[in-house]
There are 2 protein chains.
Amino acid sequence: MDASLLTITPGAAEPIYRQIVEQLRRMIAGGQLPPGELLPSVREVAGFHAINPMTVSRAYSLLEGEGLLERLRGTGMAVAQRARRARSEAERMSLLEPRLHDLARAARELELPAGRVLRRLGELLEDGE
Amino acid sequence: MDASLLTITPGAAEPIYRQIVEQLRRMIAGGQLPPGELLPSVREVAGFHAINPMTVSRAYSLLEGEGLLERLRGTGMAVAQRARRARSEAERMSLLEPRLHDLARAARELELPAGRVLRRLGELLEDGE
DNA sequence: CCACGTGTATTGTTGTATTGATACACATGG
DNA sequence: CCATGTGTATCAATACAACAATACACGTGG
């Protein structure tokens, strides 16, 4: 995997390390990062995005704690073999649930018709592919 | 409006004052809080939710700065009259856009089929009403 | 008139989160 | 064998959020 595949926004409200964590978590769960895949080194990511190596390391460590990454000493970090599990559609869906709830609540408070929200989301989901 | 209508989660990642700000902003844009509506006093909200009065005051001040609330001296805060504008469906929709983009991106990284996401969101939107 | 209820300014303290700078231990691989 | 590249432990700096305790300015309403 290449460092350029990560999207990092230093100025955002969401902390950098968490941007990395959640992005990688989803890409692993989704299968874009298969088990065994080697991740870019902390210094590589840090250099490319002009951030601190420790910030990247922190993200990697958290994912290692979750069992999603493996430390290959002297080589780097790789997607763990046992990370292949937890890949049923239902399980991936559960990672999206909190965001869905927040969205539904916001839409309700805005008194927006369900149809309109669904239609717009449909468009955005198409655009990506 | 009653203090119990606000949903506040002290332990959440999102700071309390911003939870209040965004919630009120949406309820005003959505029309649940019509112009002239009197808000609960800072001490009332603070007491009910066991938080600091200054935290509530901070949220109110920010909304006053946006022109959404009006200070009625000696009485409290009320939804501003001129807040009625900016209420077209398109405008309310725009408040939801960032969240929609995030969701679409997450769904893509999770490799979830659009249909499934849309169906689930549909359910959640129904439940609310 | 004046007690009471508004919001707010002020000051200080506490806890936490985030990021950064530096130095270190370790395995690889020519 | 040792230069090079891994990740990371440690400490510090900074910023932010929230709380606490006052005191204040102001209008309402009995």
Side-chain angles (χ1 to χ4, degrees), chain A residues 1-3 6-24 28 33 36-80 83, chain B residues 1-3 6-24 28 33 36-80 83:
Chain A
M1 180 201 182
D2 194 78
L6 284 176
T7 301
I8 296 180
T9 312
E14 191 182 13
I16 298 174
Y17 80 92
R18 207 173 306 175
Q19 292 181 39
I20 300 175
V21 165
E22 301 194 356
Q23 209 165 145
L24 289 179
I28 292 172
L33 293 180
E37 173 94 3
L38 203 63
L39 294 187
S41 78
V42 294
R43 288 176 181 79
E44 198 174 338
V45 176
F48 187 86
H49 292 98
I51 58 179
N52 194 285
M54 280 309 298
T55 303
V56 183
S57 171
R58 181 171 182 183
Y60 282 5
S61 297
L62 288 175
L63 289 169
E64 187 196 14
E66 289 183 28
L68 292 183
L69 294 187
E70 262 175 350
R71 254 182 77 175
L72 304 184
R73 292 185 179 168
T75 301
M77 305 289 285
V79 177
Chain B
M1 180 201 181
D2 194 77
L6 283 177
T7 301
I8 295 180
T9 312
E14 191 182 13
I16 297 175
Y17 79 93
R18 208 172 310 177
Q19 293 181 40
I20 300 176
V21 165
E22 300 194 357
Q23 209 166 146
L24 289 179
I28 291 172
L33 293 180
E37 173 92 4
L38 205 62
L39 294 187
S41 78
V42 293
R43 290 175 180 80
E44 198 175 337
V45 175
F48 186 87
H49 292 98
I51 59 179
N52 194 288
M54 282 309 297
T55 302
V56 184
S57 172
R58 183 176 178 182
Y60 281 7
S61 296
L62 287 176
L63 288 169
E64 187 195 14
E66 290 184 29
L68 292 183
L69 294 187
E70 262 175 351
R71 257 182 77 175
L72 304 184
R73 294 182 178 170
T75 301
M77 303 289 286
V79 178

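Letters A, B, ... are given to chains in the order of the sequence lines, protein chains preceding strands, and every chain is numbered from 1. No experiment lies behind these values; they were computed from the predicted model shown.
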(request) Would you jot down, in residue-number order, the residues of residues 67-76 of chain B having a non-hydrogen atom under 4.0 Å from DNA chain C? (result) R71(B), G74(B), T75(B), G76(B)
(request) Give E64(A) one of three labels, base, sugar-phosphate or nothing, depending on what nucleic acid heavy atoms sit under 4.0 Å from its own. (result) sugar-phosphate
(request) Let me know the distance between CG of L38(B) and C1' of dT28(D), rounded to the nearest Å. (result) 13 Å
(message) Side chains of M77(B) and E70(B), heavy atoms from C-beta outward: is any pair under 4.5 Å?
(response) no
(request) To the nearest Å, give me how far apart CG (L62(A)) and P (dT8(D)) are. (result) 10 Å
(request) Can you tell me which residue pairs pass the salt bridge (Lys or Arg N to Asp or Glu O under 4.0 Å) test with a partner in residues 36-55 of chain B, sequence neighbours excluded? (result) none
Are any protein N/O atoms closer than 3.5 Å to N/O atoms in nucleotides 12-19 of chain D? If there are, list each pair with its distance.
{"from": "dA17(D)", "atom 1": "OP1", "to": "Y17(B)", "atom 2": "OH", "distance (Å)": "3.2"}
{"from": "dA17(D)", "atom 1": "OP1", "to": "R18(B)", "atom 2": "NH2", "distance (Å)": "3.0"}
{"from": "dA17(D)", "atom 1": "OP2", "to": "R58(B)", "atom 2": "NH2", "distance (Å)": "3.1"}
{"from": "dA18(D)", "atom 1": "OP1", "to": "I16(B)", "atom 2": "N", "distance (Å)": "2.2"}
{"from": "dC19(D)", "atom 1": "OP2", "to": "N52(B)", "atom 2": "N", "distance (Å)": "3.0"}
{"from": "dC19(D)", "atom 1": "OP2", "to": "T55(B)", "atom 2": "OG1", "distance (Å)": "3.0"}

(request) Check whether any side-chain nitrogen or oxygen of S41(B) sits under 4.0 Å from OP1 or OP2 of dT6(C), and answer yes or no. (result) yes
(message) Once hydrogens and angles are ignored, does a donor-acceptor distance under 3.5 Å link the base of dG5(C) to the side chain of R43(B)?
(response) no
(request) Using a 4.5 Å cut-off on heavy atoms from C-beta on, say whether the side chain of V79(A) contacts that of M1(A). (result) no
(message) One pair to check against side chain to side chain contact (heavy atoms under 4.5 Å, CB included): L24(A) and L39(A). What are the steps and the verdict?
(response) CA-CA 10 Å; L24(A) 289 179; L39(A) 294 187; 4.2 Å; yes
(request) Measure the distance from CE on M77(A) to C1' on dG5(D) and round it to the nearest whole Å. (result) 15 Å
(message) Show the nearest heavy-atom pair for residues A78(A) and G36(A), with the distance to one decimal.
(response) CB-O, 3.9 Å
(request) Name all pairs fulfilling the side chain to side chain donor-acceptor pair (under 3.5 Å) condition that reach into residues 6-19 of chain B, sequence neighbours left out, sorted by first residue then second. (result) none
(request) Go through the structure and list residues passing side-chain hydrogen bond (donor to acceptor under 3.5 Å, both in side chains) with Q23(A), not counting sequence neighbours. (result) R105(B)
Could you give the side-chain donor-acceptor pairs of residues 59-69 of chain B under 3.5 Å, partners two or more places apart or in another chain?
{"from": "Y60(B)", "atom 1": "OH", "to": "P40(B)", "atom 2": "O", "distance (Å)": "2.7"}
{"from": "S61(B)", "atom 1": "OG", "to": "S57(B)", "atom 2": "O", "distance (Å)": "2.9"}
{"from": "E66(B)", "atom 1": "OE1", "to": "R25(B)", "atom 2": "NE", "distance (Å)": "3.3"}
{"from": "E66(B)", "atom 1": "OE2", "to": "R25(B)", "atom 2": "NH2", "distance (Å)": "2.7"}

